[in-house]
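To start, the structure itself, in structure tokens.
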Amino acid sequence: MTKPGPGGATVGGDDRRRLDGGEEAKAAALPVPEQKQMVRLFCALQLADDTVACLAAWQAASLTRGRVVPPENLHVTLAFLGSRPAGEVPAILAALRDASAAAGRIELRPLRYRETRSVGMVVLEDVGGAATRLADDVQERLERLGVYRRERRPWLPHITVLRFQSREGLAPEAPNTCSIHVVRSALYRSVLGAGGARYSELQRFSLETEALGG
Ligand code: 2AM
């Protein structure tokens, strides 16, 4: 495995391809130049459609400045890997699958809205601690594979909801009425572009049993 490092490079090509079991095998058998192609990757918790709809309505009502993160980009990041060789994808999928199968259902509760220098986020309470255990497990497995380095600061469950050039100084109430029950995770590929990042799911996993169908 190549040494893990911060993300950066982007790739072109079809970003909509999903790796099911068969495609995992194909990825493993990619010719060497394709295995070395760099892809920007992250593992995340997927949000249910009703949660996304609730958050989107809250964003429309509460976030009056900046670039609102579109519904399809809302997620809870478990681990951001940055640019990795495509040949590593099957092993990364296996790590996320195994950690997810052991995770169980996750309940998150919106706690507060917070801004950093470049984003606005909804900080979440990890009710029962299952999300934090999963993030730790995924990060440890990825680190053991040599494809990821854990950050020094503890993992903070959050959903990025706004992006901006400089702090907007918004202070809305948290979207307290949005319920967040998470039942799946996914590995995403991120492609940066003029209109912002585009995320595509490579494969999703149930937090309770085996991999969900494509
Ligand atoms: P965020 O949820 O805190 O915004 C894809 O870019 C996802 O990976 C984003 O949701 C982002 O987290 C997360 N991420 C974490 N570290 C990152 C980094 N250094 N660069 C880009 N994205 C990062």
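Whatever order the structure lists ligands and atoms in, that order sets their numbers, starting from 1. Below, all heavy atoms of this structure are taken into account, side chains as well, without hydrogens, waters or symmetry copies.
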Can I get a per-line list of side-chain donor-acceptor pairs under 3.5 Å for residues 164-174, giving both atom names and the distance, sequence neighbours left out?
from, atom 1, to, atom 2, distance (Å)
R167, NH1, E115, O, 2.9
E168, OE1, R65, NE, 3.2

When clusters are formed by joining ILVMFWY residues with side-chain heavy atoms under 4.5 Å apart, either directly or through shared neighbours, do L41 and L145 land in the same one?
yes
Using 30° and 60° as the class boundaries, would you call the ring planes of W58 and Y113 parallel, tilted or perpendicular?
tilted
Compare V119, I159, T77 and give the one whose heavy atom is closest to atom 7 (C) of ligand 1.
T77
Does H75 have a non-hydrogen atom less than 4.0 Å from ligand 1?
yes
In terms of its nearest heavy atom to atom 18 (C) of ligand 1, the top option of Y199, F80, Y188 is F80
Going by the 4.0 angstrom heavy-atom rule, the piece of R40 near ligand 1 is side chain
Relative to the heavy atoms of H158, which atoms of ligand 1 are at a distance of less than 4.0 Å?
1 (P), 2 (O), 3 (O)
Do any pairs count as a disulfide (SG to SG under 2.5 Å) and have a residue in residues 53-102, sequence neighbours left out, and if so which ones?
C54-C178
Indicate whether the side chain of Q46 and that of Y188 have a donor and an acceptor atom separated by less than 3.5 Å.
yes
Looking at ligand 1, does R163 have a heavy atom less than 4.0 Å from it?
yes
CA sep, side-chain torsions, deciding dist, call: R109, E107, salt bridge (Lys or Arg N to Asp or Glu O under 4.0 Å)
CA-CA 7 Å; R109 214 172 275 158; E107 185 189 347; 3.5 Å; yes
Backbone or side-chain N or O of E151 under 3.5 Å from ligand 1 N or O
no
